[in-house]
Amino acid sequence: MAREDGRARRRGRGELERQVLGALREADGPVTAAWVRQRLGGDLAYTTVVTILTRLLAKDVVARERHGRSFLWTPSADVARLAALPMRRLLDGEQDREAVLASFVTALPPGDEQVLRALLDAADTGPPDSADGGDGRTARRRHGRTTDRRGGRTED
């Protein structure tokens with residue numbers, strides 16, 4: 001990844017995490033950090049790969065299991081979930097979630113709006129869930145509060 005002046009090109013935010021997760025998803029099973037490093041071309045330091053894997057573990061998009069003195073790593077989510085995490089963190093940090101979501105939805109191009117509508121419709125008509133409270137909306141416990149699948153708070 002060198003530029004014409006010989007210096008390394010700076011990666012975009014989250015680019016290395018996406019590359020590491022992509023390499024894990026291409027693996028036939030659990031792999032070592034050394035395997036990931038080699039898959040990415042071998043120009044990264046081993047410690048850099050381990051740091052990225054550890055960050056992905058904290059984001060709950062990879063899993064690890066002890067294998068001797070090291071770990072074997074497997075993906076537990078896809079790149080789309082990794083991309084959605086910052087959006088979710090931004091939304092969680094706002095006081096008026098409804099206003100933020102409304103602003104987001106009104107700024108969507110028509111094609112994206114149709115995709116979002118279809119996803120919401122599919123979520124509302126999905127199979128009944130034991131945790132859905134009877135209205136088809138699955139409640140989840142997150143950060144000390146209960147939210148429905150749309151992100152709205154529910155009463156505890």
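- Residues L57 and W73 form a side-chain contact, since some pair of their non-hydrogen atoms from C-beta on lies under 4.5 Å apart.
- How far OG of S76 is from NZ of K59: 12.5 Å, rounded to the nearest 0.5 Å.
- Under the 4.5 Å side-chain criterion, counting only non-hydrogen atoms from C-beta, V36 is not in contact with I52.
- Two residues are said to be in side-chain contact when any heavy atoms from C-beta on lie closer than 4.5 Å; E65 and F71 fail this criterion.
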* To do: Evaluate the salt bridge (Lys or Arg N to Asp or Glu O under 4.0 Å) criterion for residues R39 and E26: first the C-alpha distance (whole Å), next the side-chain angles of each, then the deciding distance (0.1 Å), finally the verdict.
  => CA-CA 10 Å; R39 185 72 177 183; E26 291 173 3; 2.6 Å; yes
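- The shortest distance between side-chain heavy atoms of L82 and L56 falls below 4.5 Å.
- Judged purely by atom type and a 3.5 angstrom limit, S103 has no side-chain atom pairing as donor or acceptor with the backbone of A99.
- The distance from atom CG of L44 to atom CD of Q38, rounded to the nearest 0.5 Å, is 12.5 Å.
- Proximity of R97 to D92: side-chain heavy atoms (C-beta onward) are separated by under 4.5 Å at one or more points.
- No side-chain heavy atom of L116 sits under 4.5 Å from any side-chain heavy atom of D112.
- Residues Y46 and V20 do not share a hydrophobic cluster, defined by chaining ILVMFWY side chains whose heavy atoms lie under 4.5 Å apart.
- Side chain of R18 to main chain of V79: no donor-acceptor pair is present (N/O by atom type, distance under 3.5 Å, no hydrogens or angles).
- When all heavy atoms of Q19 and L40 are compared, the closest pair comes out as O-CD2, 3.7 Å.
- The side-chain heavy atoms of T48 and L16, taken from C-beta on, include a pair separated by under 4.5 Å.
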* **Test log, rule side chain to side chain contact (heavy atoms under 4.5 Å, CB included), inputs L72 and W35** => CA-CA 10 Å; L72 292 177; W35 183 93; over 6 Å; no
* To do: For side chain to side chain contact (heavy atoms under 4.5 Å, CB included), just list the numbers for L53 and L24, CA-CA rounded to whole Å, side-chain angles, deciding distance to a tenth of an Å, and then say yes or no.
  => CA-CA 10 Å; L53 287 165; L24 283 175; 3.7 Å; yes
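- Applying the side-chain hydrogen bond (donor to acceptor under 3.5 Å, both in side chains) criterion to Q114, with sequence neighbours excluded, gives no partner residue.
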